[in-house]
Amino acid sequence: MPGYDPKEFETRLYQRWLEAGVFAPVPAKPGEQAFSIVIPPPNVTGSLHMGHALNNTLQDVLTRYHRMLGDASLWVPGTDHAGIATQNVVERQLMAEGTDRHALGREAFVARTWRWKEESGGRIFEQLRRLGVSCDWSRERFTMDAGLSRAVREVFVTLHEQGLIRRDHYLINWCPRCRTALSDIEVEHEEKAGNLWHLRYPLEDGSGHISVATTRPETMLGDTAVAVHPDDDRYRHLVGKKVVLPVIGRKLPVIADTYVDSSFGSGAVKITPGHDPNDYEIGLRHQLPMVSVMNVDGTMSADAGPYAGMTTAQCRQALVERFGADGTLERVDDHRHAVGSCYRCRNVVEPLLSDQWFLHVRDMADATLKALDDGRTRFVPAHWEKTYRIWMENIRPWCISRQLWWGHRIPAWYCDACSQTIVSREDVTVCPKCAGAVRQDEDVLDTWFSSALWPFSTMGWPEKTPDLARFYPTSVLVTAFDIIFFWVARMMMMGLHFMGEVPFRDIYIHALVRDEHGQKMSKSKGNVIDPLVIIDEYGADAFRFTLVAFAAMGRDVRLSEDRIAGYRNFCNKLFNAARYVALKREGAPAQATAADGATPAATATSPTASTSAAKPGATAAEGASPAALANRWIRSRLAATIEETRAALDSYRFNEAAHALYRFTWNEYCDWYIEISKVALDGDESERAETLQTLTSTLETLLRLLHPIIPFVTEELWQELSHDVRGSGEGALLMTQSFPELQPSWRDEEIDARMETLIEVVRSVRNIRAEMRIAPRIALDLWLNDGPVAEVVRQNEPMARRLARLREIHYGGGAAPKGCATAVVAGSEIAVPIAEHVDLAAEAQRLRKEIARVEKDLSRFTAKLADEKFRARAPEDIIEAELAKQSAAEQERDTLRSSLVRVEQAGGAA
RNA sequence: GGUCGCAUAGCUCAGCUGGUUAGAGCGCCUGCCUCACAUGCAGGAGGUCCCUGGUUCGAAUCCAGGUGCGACCACCA
């Protein structure tokens with residue numbers, strides 16, 4: 001039989017799921033529970049990176065989980081046209097061909113971009129399919145497809161009608177490289193080393209000068225005032241007077257405004273309303289002229305006088321030289337300050353006066369805050385809500401027009417003849433007023449405008465579709481924190497405004513994926529790990545398990561390849577466990593069925609959960625069947641694991657689900673249960689049947705538990721298992737099975753404790769063997785005193801014998817032979833004669849170490865119990881627990897001590 | 001400047017509502033090809049839970065301050 005080889009089945013199984021049509025939600029039925037997610041649409045021409053992998057794995061875990069819970073589950077896939085990003089890519093292609101978009105013309109450029117989209121658009125979804133995502137591909141959407149474009153127009157026109165979208169002349173962020181306006185959040189600020197130039201502006205009356213400072217000397221050409229604080233005694237007498245702007249010669253008023261900080265620099269500020277947001281506000285307050293000294297391409301404009309046509313850098317250098325020579329420059333300081341740059345091309349962004357379309361979001365923002373107050377939407381983890389609130393409270397009008405060609409063209413037309421502006425749902429060809437020719441606005445909308453509609457536009461809005469009725473609001477949005485403002489906030493606003501309801505109930509914010517040293521992955525750092533390379537090497541399941549196990553809340557995900565290898569090993573472990581079960585089932589009587597497991601989820605509970613045959617040991621008294629303890633124990637542990645897994649997934653604690661399942665699979669099912677089953681399967685017929693049944697049903701339930709996280713290997717094993725059980729034909733898909741139900745009646749603490757005892761006995765013997773360096777092949781004897789420990793061992797003798805590799809087990813108080821190694825389990829001494837195998841000095845040493853360890857614990861318990869305050873105030877059960885620990889430790893210590901005495905005597909005798 | 005997050009074993013990290021003898025993976029040491037798995041099995045070493053106070057019978061866990069990282073936001077010229 002071949003080993004675990006994910007390549008062998010992952011692609012094949014995905015194909016089978018596709019063909020089975022099981023990614024689409026089940027048909028609607030009354031009273032159904034709906035679960036829905038819309039994918040954060042990746043850039044249409046992008047390719048899969050780690051962030052996508054994490055984001056989509058988590059969505060897939062949730063979707064598969066809810067599908068198995070029986071919810072009508074929908075996961076809508078789609079892509080974003082990504083305005084600037086995509087246009088830049090195509091522009092770079094053109095540049096490489098020695099041309100540019102202006103040479104091509106708008107129509108040809110857009111056509112070319114569509115071609116590029118057709119070529120590369122499917123790539124990221126091909127990659128996502130390798131990950132195993134269970135999106136409903138029949139509902140795939142693109143932000144620029146016909147339906148979504150219609151939604152965009154509907155929204156734009158409606159908001160315009162409502163007076164919320166307006167065209168205004170305003171100071172906006174301008175990227176000279178992309179030659180477009182940007183919204184505030186598309187500008188990234190970075191602290192940079194710069195200079196502060198102090199310039200002298202002479203007073204008009206020749207009575208001296210005022211010193212002002214600037215970080216951008218070239219903007220001084222656009223100054224229209226000098227401002228001081230109204231309470232500043234140094235300048236009070238100058239307010240109302242005028243200074244002369246060097247170079248230009250413009251007369252600038254000295255004005256008083258409380259914005260000015262008297263303690264900074266000279267306390268006087270040059271005011272450039274055309275190139276600085278603060279100055280712009282002051283300009284409005286004081287009705288100052290607004291001079292724009294810069295062109296859209298970043299060169300100096302005609303208003304820059306002699307410097308017109310220079311780049312800003314050239315202009316700056318020329319001015320600084322000139323002022324240095326003529327004495328205008330007072331001094332230059334080093335100065336760190338924030339410089340804004342374009343989030344797409346990194347070039348410096350300039351504040352520029354421009355005509356743009358704005359969405360006035362104040363009221364819409366407030367509506368979203370109210371939705372949070374009402375608990376209609378919540379952030380998980382909750383602390384992101386504060387970040388969101390602060391931003392929303394300070395939000396300013398959203399500049400939604402972009403001077404690009406790739407995107408939704410703004411549905412506004414201008415009539416030059418009668419100066420009419422027409423905003424319309426339908427294309428306009430002639431002016432409705434004067435019947436003259438019209439021209440459409442050249443600009444397109446911000447990419448995020450259409451993304452903002454995503455939760456309802458993808459479901460067919462503005463039509464009233466069945467999908468909207470069933471699946472809106474969506475259940476949860478899964479995304480990273482870096483687009484809370486870009487996307488989440490805008491969806492909240494649009495969703496509430498147009499649907500009257502929040503777009504999602506929960507907003508699960510996950511971390512960013514970093515490399516194993518915590519560095520952000522980036523091409524320039526060369527630390528990018530390609531998800532597809534990982535999938536090729538370790539399989540999609542191992543990769544998914546790793547991402548899930550790392551996705552602790554509020555934490556960055558530091559991906560390390562060692563961990564991925566570790567979880568690959570886990571998949572291998574599971575694979576081999578199933579192989580073992582299959583092996584043992586060969587030739588077994590057919591009634592030992594577990595997997596009419598082919599029951600569809602629609603019929604609710606799994607067969608193993610609902611048939612009495614699936615309750616191993618439930619009726620068999622322990623002792624009647626030697627395997628009863630283990631069978632009941634693994635069932636009890638399985639029930640605990642179901643509970644943990646469901647609780648974890650219900651509350652987005654993905655990593656806890658992964659850990660609970662890892663532990664159960666490896667440390668309980670494989671390490672102990674399977675090992676014990678090897679003995680039990682050698683027993684009589686009823687024991688065999690019961691064990692085989694438990695072995696199988698536990699595996700079957702485990703596969704269902706693990707499926708949302710590692711869908712491929714679990715599906716593969718499920719298929720083999722049900723084929724094996726049913727004898728022939730293909731079983732139903734695990735994907736459509738029900739998720740294991742809670743089984744509180746399976747929990748049994750007493751059984752757990754008895755099994756713990758057996759495990760401890762085995763471990764103690766193993767420990768003695770290892771520390772005494774007794775070869776594994778040598779079987780040892782075991783002496784036990786009467787008591788509960790002996791009782792457990794007696795009833796499970798074949799297991800104990802095999803697991804600890806024992807020869808004879810002696811019960812009852814008879815004195816153990818001299819030269820024993822001893823240990824204490826649950827207060828009871830167990831002794832292993834070793835004299836013939838090893839020197840007693842080593843054993844004495846080992847015992848002393850054990851005694852020291854116990855004494856350390858004991859002193860802690862004793863001190864605690866001696867504390868009167870503790871005895872007086874701690875709850876009863878805590879005190880009792882502490883007392884129990886104390887007496888157990890005392891007993892263990894005493895037993896070990898007497899063992900030590902014996903060993904020393906024996907050693908002396910020898 | 002504002003806000004938030006993080007500091008636990010050599011490394012990467014768990015530790016949910018305060019009571020565990022503080023855990024996992026990798027790495028390390030010892031011994032094993034034991035008939036599912038050497039992508040494995042068994043045993044073991046390794047931790048002042050960043051510092052200082054406080055609340056509490058009891059703090060890795062809650063609070064305050066400090067230190068060190070990190071992120072986001074931000075119009076002091």
Side-chain angles (χ1 to χ4, degrees), chain A residues 1 3-4 185 189 196 212-216 227 259-261 263-266 268-272 276-281 335 337-338 351 381 383-384 386-387 390-391 394 481-482 484-485 511-512 516-518 520 538 542 549-550 552-556 558-563 565-584 647-648 651 653 655-656 659 662-663 667 670-671 674-675 678 763 766-771 773-777 802 805 853-854 856-858 860-861 864 867-875 877-879 881-882 885 889:
Chain A
M1 219 192 263
Y4 171 64
I185 49 176
H189 293 91
L196 192 58
V212 295
T214 180
T215 54
R216 299 192 305 153
Y259 158 76
V260 179
D261 176 0
S263 64
F264 187 88
S266 65
V269 190
K270 62 189 265 311
I271 301 300
T272 323
D276 181 281
N278 297 310
D279 295 6
Y280 180 77
E281 293 298 326
H335 186 67
H337 64 121
H383 71 256
W384 288 107
K386 184 168 184 183
T387 308
I390 291 174
W391 190 67
N394 298 306
F481 60 80
D482 55 343
I484 289 179
F485 305 142
L512 258 30
E516 58 190 317
H517 306 294
K520 213 167 178 170
Y538 300 98
F550 267 117
M553 278 193 208
R555 270 274 199 179
D556 284 343
R558 296 195 189 193
L559 201 66
S560 86
E561 222 170 307
D562 285 345
R563 281 286 282 265
Y567 290 122
R568 186 268 322 273
N569 296 354
F570 173 77
C571 294
N572 179 61
K573 189 76 179 173
L574 178 70
F575 185 89
N576 280 295
R579 186 156 80 172
Y580 166 81
V581 174
L583 223 57
K584 293 300 179 185
S651 52
R653 286 176 284 132
N655 60 319
E656 290 181 28
H659 288 141
Y662 185 99
R663 187 171 23 75
N667 304 125
C670 290
D671 284 352
I674 283 186
E675 291 309 315
K678 290 173 181 174
R763 283 206 171 121
R766 285 174 175 172
N767 174 269
I768 287 167
R769 184 192 298 282
E771 298 227 343
R773 304 193 177 283
I774 299 167
R777 58 184 63 252
R802 157 97 179 219
R805 199 172 272 261
R853 180 182 59 78
V854 174
K856 196 175 138 204
D857 292 340
L858 181 57
R860 199 192 342 251
F861 303 141
K864 202 165 183 179
D867 185 342
E868 278 174 33
K869 284 188 199 161
F870 173 74
R871 314 265 327 203
R873 304 205 191 176
D877 53 327
I878 295 291
I879 295 177
E882 214 64 27
K885 284 187 216 163

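Here is the naming used below: chain letters follow the sequence lines, and residue numbers restart at 1 for every chain.
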Would you tabulate the pairs of protein nitrogen or oxygen atoms and nucleotide nitrogen or oxygen atoms of nucleotides 22-28 of chain B closer than 3.5 angstrom?
{"unit_1": "rC26(B)", "atom_1": "O2'", "unit_2": "Asp562(A)", "atom_2": "OD2", "d": "3.3"}

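With values rounded to the nearest 0.5 angstrom, Phe870(A) atom CZ is found 7.0 Å from Ile878(A) atom CD1. Interatomic distance, Asn572(A) CG to Tyr538(A) OH, rounded to the nearest 0.5 Å: 14.0 Å.
Nucleotides rU56(B) and rC63(B), compared at atom C1', are 12 Å apart to the nearest Å. rG53(B) and rU67(B): their C1' atoms are spaced 15 Å apart (whole Å). rC16(B) and rC32(B) have their P atoms separated by 41 Å, given to the nearest Å. Nucleotides rG47(B) and rA22(B) have their P atoms positioned 12 Å apart, rounded to a whole Å. On the P atoms, rC11(B) is 14 Å away from rC50(B), given to the nearest whole Å.
For rU21(B), the OP1/OP2 oxygens have a side-chain nitrogen or oxygen of Lys885(A) closer than 4.0 Å. In terms of phosphate contacts, Lys864(A) brings a side-chain nitrogen or oxygen within less than 4.0 Å of OP1 or OP2 of rU20(B). Phosphate proximity of rU34(B) to Lys678(A): absent, as no side-chain N or O sits under 4.0 Å from OP1 or OP2. Regarding contacts with the backbone of rC13(B), every side-chain N or O of Asn655(A) stays at 4.0 angstrom or more from both OP1 and OP2.
Within the nucleic acid shown, Arg766(A) comes within 4.0 Å of sugar-phosphate atoms alone, with no base atom in reach, counting heavy atoms only. Using a 4.0 Å heavy-atom distance criterion, Ala874(A) is classed as a base contact.
Figure legend: cation-pi geometry between Lys678(A) and Tyr580(A), with NZ or CZ positioned under 6.0 Å from the six-membered ring centre and within 45° of its axis.
Nearest nucleotide to the Ile390(A) side chain, out of rU3(B), rC57(B), rA77(B): rU3(B). Side-chain proximity of Asp261(A) to the nucleotides rC16(B), rC76(B), rU12(B) is greatest for rC76(B).
The ring of Tyr662(A) has its center closer than 6.0 angstrom to the ring center of Tyr567(A).
For a distance-only test at 3.5 Å, the side chain of Lys386(A) fails to qualify as a donor-acceptor partner of the base of rC4(B).
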